[in-house]
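FYI, side chains are in, hydrogens and waters are out, and symmetry mates aren't considered; it's all heavy atoms of this structure. Whatever order the structure lists ligands and atoms in, that order sets their numbers, starting from 1.
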Amino acid sequence: MSEFNRTPKLVLLPAVDVAGGKAVRLTQGEAGTETNYGDPMDAAADWAAQGAEWLHLVDLDAAFGRGNNHVVLKKVIRQVKGMNVELSGGIRDDESLESALGIGAKRINLGTAALENPEWAASVIAQYGESIAVGLDVRGTTLAARGWTKEGGDLWTVMDRLEDAGCCRYVVTDVTKDGTLQGPNIELLQQVMERTHRPVVASGGISSLDDISALRELVPQGLEGAIVGKALYAGAFTLAEALDVASD
Ligand SMILES: O=C(O)c1ccccc1N[C@@H]1O[C@H](COP(=O)(O)O)[C@@H](O)[C@H]1O
């Protein structure tokens with residue numbers, strides 16, 4: 001195939017979710033379902049060695065409002081210098097946002113703050129542009145906030161508001177799929193992409209290289225990337241294999 005009619009690559013973001021200083025995976029985002037995968041520095045170093053350009057780094061304790069992992073996150077970001085880091089979890093005001101950018105995150109995902117504090121979210125979207133994405137974490141079409149424990153409004157209403165605010169990118173997570181290895185919610189992604197010209201990043205449910213292929217088919221519709229978590233930790237495929245499928 002010539003390089004002119006090839007599907008553009010899908011950017012893969014391996015995930016390192018940190019709770020209690022450890023790399024963990026949750027099932028459907030529920031506290032208490034953690035599987036422990038050891039030192040986050042080892043996971044991040046592994047993804048970097050396999051060729052990841054981006055790392056999706058989450059402070060789960062901050063997302064749940066039960067503390068934070070700032071020291072560990074700072075070390076991880078310092079260690080993977082050269083890799084772009086998308087950071088989320090508990091970034092809800094100027095102080096936490098400036099701290100996240102200050103430790104070297106290239107992009108910040110706002111979750112709860114975009115739902116509960118729309119004026120502040122609009123102001124930082126205007127101020128920081130591409131450095132801010134909004135995580136649309138949904139069950140059905142109802143958004144989830146505060147560690148996915150509270151309802152945060154209707155997806156389409158909130159998206160209209162974020163579009164008006166000029167949000168540069170959306171990270172779309174089907175919470176019911178997250179950590180389940182059941183495959184991504186393609187229909188939801190398509191519905192979101194129909195409502196925006198901004199790039200969309202898929203999150204939740206990837207279980208196989210076939211899922212990566214299916215997501216890559218959505219790149220022409222506006223899918224920019226996909227976050228891969230449990231499947232990598234469970235050994236369903238390697239990141240190097242996934243990067244091949246996402247970009248061959
Ligand atoms: O990623 C998870 O498994 C997860 C589970 C439960 C809550 C949040 C989770 N992830 C990330 O947290 C941000 C939201 O944090 P906040 O609401 O801004 O504090 C969300 O974008 C997910 O990336």
Side-chain angles (χ1 to χ4, degrees), residues 13-20 22-37 40 43 54-70 73 85-101 105-118 120-121 124-125 128 131-139 142-153 155 158-159 162 167-182 184 192 200-206 225-234:
L13 302 88
V16 177
D17 289 15
V18 183
K22 302 288 180 214
V24 303
R25 299 308 305 161
L26 304 183
T27 303
Q28 298 181 326
E30 277 188 39
T33 62
E34 286 92 343
T35 306
N36 185 338
Y37 291 100
W54 278 89
L55 180 71
H56 176 75
L57 186 60
V58 182
D59 188 339
L60 283 178
D61 291 314
F64 284 113
R66 62 185 186 197
N68 68 66
N69 294 279
H70 290 164
L73 300 184
V85 176
E86 171 179 275
L87 184 59
S88 67
I91 301 162
R92 301 179 186 173
D93 55 23
D94 287 332
E95 191 186 349
S96 49
L97 176 59
E98 281 157 20
S99 157
L101 291 169
K106 171 109 174 172
R107 190 158 79 214
I108 305 303
N109 279 1
L110 301 180
T112 300
L115 307 176
E116 295 187 355
N117 199 347
W120 179 76
V124 296
I125 285 168
Y128 294 100
S131 300
I132 304 286
V134 171
L136 300 170
D137 305 327
V138 291
R139 290 186 181 89
T142 301
L143 287 152
R146 300 208 166 254
W148 300 350
T149 61
K150 299 261 184 304
E151 292 193 355
L155 170 60
V158 170
M159 253 195 95
L162 291 165
C167 180
C168 287
R169 183 172 278 94
Y170 301 100
V171 179
V172 179
T173 305
D174 181 338
V175 171
T176 68
K177 296 266 192 182
D178 205 48
T180 67
L181 299 174
Q182 285 177 3
V192 169
V200 170
V201 176
S203 169
I206 290 179
I227 294 167
V228 195
K230 186 76 162 271
L232 291 175
Y233 290 91

Between W120 and D94: side-chain donor-acceptor atoms closer than 3.5 Å: yes
Between R146 and E116, is there a salt bridge with N-O shorter than 4.0 Å? yes
Inter-residue atom distance L136.CG - M159.CE, 0.5 Å rounding: 6.5 Å
Does a side chain donor of either N69 or D59 reach within less than 3.5 Å of an acceptor in the other side chain? yes
Backbone N or O of G32 within a donor-acceptor pair of the E34 side chain at under 3.5 Å? yes
Distance (rounded to the nearest 0.5 Å) between C168 SG and R107 CZ: 10.0 Å
How would you list, by chain and number, the residues with a heavy atom under 4.0 angstrom from ligand 1? D17, L26, G29, H56, V58, L60, A63, F64, S88, G89, G90, R92, G111, T112, D137, G147, W148, D178
